[in-house]
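Take a look at the structure below.
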Amino acid sequence: MKDPAQYSDRTFGNQRIIPRLPVPELEETCGKFLEWVKPLLTAEDLERTSEETAFFCSEEGPGPLLQAALVEFASRKDVGNWLEPFWDRMYLEGRSPLPLYSNIFYMMSLGPLGRDETQFNRAAGLVEAMIRFRELIESQSLKPDLQGGRPICMIQYKKVFSSCRIPQKDRDILRTPISRENPTLPDQKHIVVARNGRFFILDVIDHDGSPYSCSAIERALAEIASVEGPSEYPLGVLTAVSRDTWAEARAVLRALSPVNAESLDLIENSLFMLCLESGQPEDMEDLSMTMLLGDGRSRWFDKSMQLIVCPGGEAAINMEHTGTDGSVMVRLAGFLTGFESDPREKVPKAFKGKCSWREIQFHLNDDLREFVSRADGECQRMSADTSARVLLFDRFGRDSIKALSAAPDAFIQMALQLAHFDLRGFPVNTYEAVMTRQFLHGRTEAVRSVSEESVEFTRLMRGPEVPPEQKATAARKAMEEHVRRTREARDGEGVDRHLFGLCNIYRDLGTDLGIVDTPGFFETPGWLTLRRNLLSTSTSGAKGLFLAGFGTVEDEGFGVRYLAFPGSIHFNVTSRTALRGEMERFVDLLESALVEMRELLENRES
């Protein structure tokens, strides 16, 4: 292992030594695949899947040809990460609305407003800190993220600011400062402020490159908020609906007037979006929905980063997921909330002059007004069809779990499995994302929480006359299996992304390889089951955060985002409103499962 002192402290100074994502062996991946899907399939479906998998991997099957082509692609000098182009395409070809199918919110751990503090004061402080964070990236003063004492890939930080997903028919475009084609314009000095469905340009950096002071930004935000009346046609809702609908509307909008084209450019090139809420959420669930979707009118979901600030001072980052992952937002949240300080010896002085601002204008015709009206209705229906439940579990947290000689994440994942078993009586395909930024341009790998060990654990927990010792042993075996899978996924030895890569190689090169028909493997019950995440889960570091959440992607499923703190665990769970009763019951069962598992392991230890 290299001496840490030999690593560069510059933000992007270690990129050349970050290893490439490996391509796992085909036979190993297929073996794990069968192991993963076995607890989820009937005997008949498992037999069919096993037969097709065996043929897929055989010399007569298409697997070895696809594997060889993937290995060759991964070895090309112009390919930094073999997964990256396929991953980007998956996101950009997605036609579903971004708020529920791509974006994630990260609510920060900020205390209540002080006696003399206002929404505008808090927002201005966060904006000022965001600009300083960008300066750290631009000057390469932000120290590289580490994992196990080793630097990991930092490329995602180049996509945080001045980035935007542009709607196009069939496939969107992600514009960032480092895009090969049509990058966003460098050296942007403005943000966009959204309030009451209206959008404003606000300069936050002066012409010499100095950031404006917090007080100057605060005054400008108060002036913007004084502009009376909501927009009759809030264009932000267009970014919340299906991508093809928005692509069609945007093309009409841009072609109608040069003013519209300029206004779109200003929004899409801006450093980030600041959304100033005019109404205060009533409770935690309302707060969660505000940070996830709101009414869609004062949002621009295409932007890679939206900073949302409520009148009560609650604040969150809403991230569009195409170019960045949660680990980057967690680092930013830690900086914004004071968990990480500015490392520069000399911090540039803020410019105390007056910030200039103006409202962004759009020219609309009857067709565009109809587009906006329909999109507004669709956005409100989407909000009404989405439910959230927040569980601030404070009985114990990760420290108590560690004291039981258990891995906190594995413990929580098994509690989720037990709660779902109690709810429905059977396991469902469960997804958990694991960061793989230890590889160049790395993103995530999937861990599947359902295993034969987890199924045995839930069965024994509810079995008649099962001794506590046997239950505790089963719990530990299930957690150990989850830890093993997590380690393999983090080391680039997962299942999902490898099979996803082979599927994409078939899509791009199948005909050239002589594979005319879709391989039967990609039509098996096992493959199709693994593609539906009925229990979609995710977590991250918790420094600087209070809550995080995303929308469920399946009509019959739940979306679960959790943060494990030393003495508590915060969950945000979403579902379709039609499943709200089931979702509420699931959260109650989850709370009981956490307590029951701790008591089980404590008693077993004693």
Side-chain angles (χ1 to χ4, degrees), residues 90-105 163-175 192 194-199 230-256 260-261 263-264 267-268 270 273 275 277 288-306 308 318-323 360 362-388 549-555 559 574-578:
M90 177 194 69
Y91 271 105
L92 296 173
E93 288 185 350
R95 301 293 84 195
S96 299
L98 295 185
L100 300 185
Y101 292 86
S102 178
N103 290 31
I104 303 175
F105 77 82
S163 295
C164 192
R165 179 166 163 172
I166 310 299
Q168 301 285 293
K169 182 69 173 175
D170 298 327
R171 177 174 175 168
D172 293 354
I173 298 169
L174 180 64
R175 291 187 64 201
V192 173
R195 185 176 174 88
N196 291 328
R198 305 169 78 159
F199 298 90
S231 171
E232 185 178 3
Y233 295 98
L235 265 68
V237 295
L238 290 169
T239 70
V241 299
S242 74
R243 302 307 290 170
D244 282 344
T245 299
W246 172 212
E248 183 182 357
R250 182 180 179 275
V252 174
L253 181 67
R254 196 172 183 88
L256 181 64
N260 294 344
S263 295
L264 285 169
I267 292 174
E268 292 164 2
S270 65
M273 178 79 60
C275 307
E277 290 294 285
S288 169
M289 287 298 297
T290 296
M291 301 313 191
L292 178 66
L293 176 61
D295 61 14
R297 294 166 183 155
S298 298
R299 301 284 187 274
W300 204 270
F301 290 104
D302 296 355
K303 286 297 291 181
S304 293
M305 190 165 54
Q306 300 179 95
I308 304 168
N318 186 295
M319 175 194 79
E320 199 284 308
H321 211 339
T322 303
I360 298 175
F362 287 101
H363 293 172
L364 306 182
N365 59 16
D366 288 343
D367 287 342
L368 285 167
R369 293 186 186 95
E370 180 62 23
F371 265 120
V372 174
S373 295
R374 288 201 308 265
D376 191 29
E378 184 178 336
C379 189
Q380 306 323 311
R381 286 191 295 273
M382 181 166 54
S383 179
D385 193 37
T386 304
S387 289
F550 54 84
T552 181
V553 297
E554 296 287 348
D555 289 345
T574 58
S575 74
R576 301 287 183 261
T577 297

Exercise. Output all residues satisfying salt bridge (charged side-chain N to carboxylate O under 4.0 Å, His left out) with R369, sequence neighbours left out; order by chain, then residue number.
Key: D366
Practice problem: For S304 and E320, run side chain to side chain donor-acceptor pair (under 3.5 Å): C-alpha distance rounded to whole Å, both residues' side-chain angles, the deciding distance at 0.1 Å, then the answer. | Solution: CA-CA 5 Å; S304 293; E320 199 284 308; 4.9 Å; no
Quiz item: Closest approach of L293 and P99, non-hydrogen atoms and distance?
Solution: CD1-CB, 3.5 Å
Quiz item: For the atom pair CG (L100) and CZ (R576), what is the distance rounded to the nearest 0.5 Å?
Solution: 6.5 Å
Exercise. Give a yes or no answer on whether the side chain of N260 reaches the backbone of L253 with a donor-acceptor pair at less than 3.5 Å.
Key: yes
Practice problem: Answer with yes or no whether the side chains of S387 and S575 bring together a donor and an acceptor at under 3.5 Å. | Solution: no
Practice problem: With sequence neighbours excluded, tell me which residues meet ring pair (Phe, Tyr, Trp, His ring centres under 6.0 Å) with F199. | Solution: W300
Exercise. Give the intermediate values and the outcome of salt bridge (charged side-chain N to carboxylate O under 4.0 Å, His left out) for residues R175 and D302.
Key: CA-CA 10 Å; R175 291 187 64 201; D302 296 355; over 6 Å; no
Quiz item: Taking 4.0 angstrom as the limit, do R95 and D172 come out as a salt bridge?
Solution: yes
Quiz item: Taking R165 as the fixed residue, which of L92, I173, T239 is the one that meets the side-chain contact (heavy atoms from CB on, under 4.5 Å) rule?
Solution: L92
Quiz item: Under the ring pair (Phe, Tyr, Trp, His ring centres under 6.0 Å) test, which residues partner Y91, sequence neighbours left out?
Solution: W87, H321
Quiz prompt | Short side-chain to backbone donor-acceptor contact, D376 and V372, under 3.5 Å | solution = no
Exercise. State which residues pass side chain to side chain contact (heavy atoms under 4.5 Å, CB included) with E370; sequence neighbours excluded, sorted by chain then number.
Key: R374
Exercise. Start with the C-alpha gap between T574 and T552, add the side-chain angles, then the distance that decides, and say whether side chain to side chain donor-acceptor pair (under 3.5 Å) holds.
Key: CA-CA 6 Å; T574 58; T552 181; 5.2 Å; no
Self-check item: Residues in salt bridge (charged side-chain N to carboxylate O under 4.0 Å, His left out) contact with E268, at least two apart in sequence or another chain
Solution: R250
Self-check item: Under the salt bridge (charged side-chain N to carboxylate O under 4.0 Å, His left out) test, residues paired with E248 that sit two or more places apart
Solution: none
